[in-house]
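Have a look at the structure below before the remarks.
Quick caveat: nothing in here was measured; it's all calculated off a predicted structure.
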Amino acid sequence: MSPTSQAAAGKAPAVAAVDWGTTRMRVWLVDEAGGVLAERRGDDGLITAQQKGFSAILEGHLAALGAPDTLPVIICGMAGSRQGWLEAPYVTVPAPIGAILAGAARIPGQSRDIRIVPGLAQRLEDAPDVMRGEETQLAGAGLPAKGRHLVCMPGTHSKWVLVEDGAVDGFCTWPTGELFSVLATHSILRHSLGENPKPVTPDNPFFQNRCRKALAEGGDVTSRLFSIRAAGLLQDLKADDAAACLSGLLIGGEIASAGRRYGESATAIVLVASGALAALYRQALDLAGLAVRTVDADEAVRAGLIEAARENGMIARNGVSA
């Protein structure tokens, strides 16, 4: 909905919700009830903001949306990293999701109230880990308040998160997307995948075959990576199918590894993902025989930001100010 139509509907924004990533950002104007009035998206992520200024970019988007000068802003993502606008300190897990959101750090020296949701830190000596942005998706994923839930959040650095009774108990990162990129562009496999292979689809038989192999072998995929190159030389494996093989091995390996780590908790998965990545992981989880509930990642981060605005008193909860 455009700013003009929002005014016609007679609704005023109560808060701006911002998902600020490394390369992209999304801004929503939200009313007091949590309804979305307007939206903007742009290539104004962390990298661009470091050069042009975080405040200038944010104010430009808000002005384009017709936001009032006093409208508060809640932000998640890389704007709160060490290289971002303000480092929002990590919250150590275990920690309740609501308490995590409520600890949003306020940016000083601004004319409006601007806060950034903190990331999470796992400070185990043998398993240190961090996340930033995914904690907000967790808050908007519709997890039941009670019970034990395992959440898979695919991406450049896939996160598997164990949530128990509304609190993040622990998590682990698999850099699956980054591994695919590195192997496809900086290893011997670049000769097999070429420069621009087509996007991998979940119905590709090469993807499914390699995924099954990775699952059956417990995620031990390194011994099968070079076979992609060999298949190109000996069996005329095409570039698009080579990409599907690599994707199947890495995603299948991630799921098998997570299954070993989380045991019985890994029998039912909440998959928080969007688009092509959601389809690939859904197929791989199905091949693994796991029960899956899929949550759209874009909707989850928006819902999580709205919940963060409530936790920080920016908008009312059930008609009562927080």
Could you tabulate the donor-acceptor pairs under 3.5 Å formed by side-chain atoms of residues 117-129, not counting sequence neighbours?
unit_1	atom_1	unit_2	atom_2	d
Gln122	OE1	Phe171	N	2.8
Gln122	NE2	Ala127	O	2.8
Gln122	NE2	Phe171	O	3.0
Arg123	NE	Thr92	OG1	2.7
Asp129	OD1	Thr173	OG1	2.8
Asp129	OD2	Thr173	N	2.9
Asp129	OD2	Thr173	OG1	3.1

With the threshold set at 4.0 Å, does a side-chain nitrogen-carboxylate oxygen contact exist between Arg132 and Glu134? no
By side chain to side chain contact (heavy atoms under 4.5 Å, CB included) - contacts of Arg261 (at least two apart): Cys172, Trp174
Salt-bridged, Arg302 to Asp19, with N to O below 4.0 Å? no
Pairs involving residues 12-41, ordered by first then second residue, that meet ring pair (Phe, Tyr, Trp, His ring centres under 6.0 Å) (sequence neighbours left out): Trp20-Phe54
With the side chain counted from C-beta on, respond yes when Asp31 and Pro13 share a heavy-atom pair under 4.5 Å apart, and no when they do not. no
Ser55 side chain near Gln110 side chain, heavy-atom distance below 4.5 Å: yes
I'd like to know if Lys11 pairs up with Glu32 as an ion pair, taking the criterion as any Lys NZ or Arg NE/NH1/NH2 lying under 4.0 Å from an Asp or Glu carboxylate oxygen. no
Flag side-chain contact, heavy atom, 4.5 Å: Met25 against Ile57: yes
Could you tell me whether a side-chain N or O of Asp165 sits under 3.5 Å from a main-chain N or O of Gly147, the two making a donor and an acceptor? yes
Can you give each donor-acceptor pair under 3.5 Å made by side-chain atoms of residues 186-194, sequence neighbours left out, with the distance rounded to 0.1 Å?
unit_1	atom_1	unit_2	atom_2	d
Ser187	OG	Leu183	O	2.5
Ser187	OG	Leu189	N	3.1
Arg190	NH1	Ser187	O	3.0

Checking side chain to side chain contact (heavy atoms under 4.5 Å, CB included) against Thr22, which of Ile47, Thr156, Thr48 comes through? Ile47
Hits for side chain to side chain contact (heavy atoms under 4.5 Å, CB included) against Asn204, two or more places apart or cross-chain, chain-then-number order -> Thr201, Phe206, Phe207, Asp241, Ala244
Can I get a per-line list of side-chain donor-acceptor pairs under 3.5 Å for residues 265-275, giving both atom names and the distance, sequence neighbours left out?
unit_1	atom_1	unit_2	atom_2	d
Ser265	OG	Arg148	NE	2.9
Thr267	OG1	Glu264	O	3.0
Ser274	OG	Asp296	OD1	3.3
Ser274	OG	Ala297	N	3.0
Ser274	OG	Asp298	N	3.3

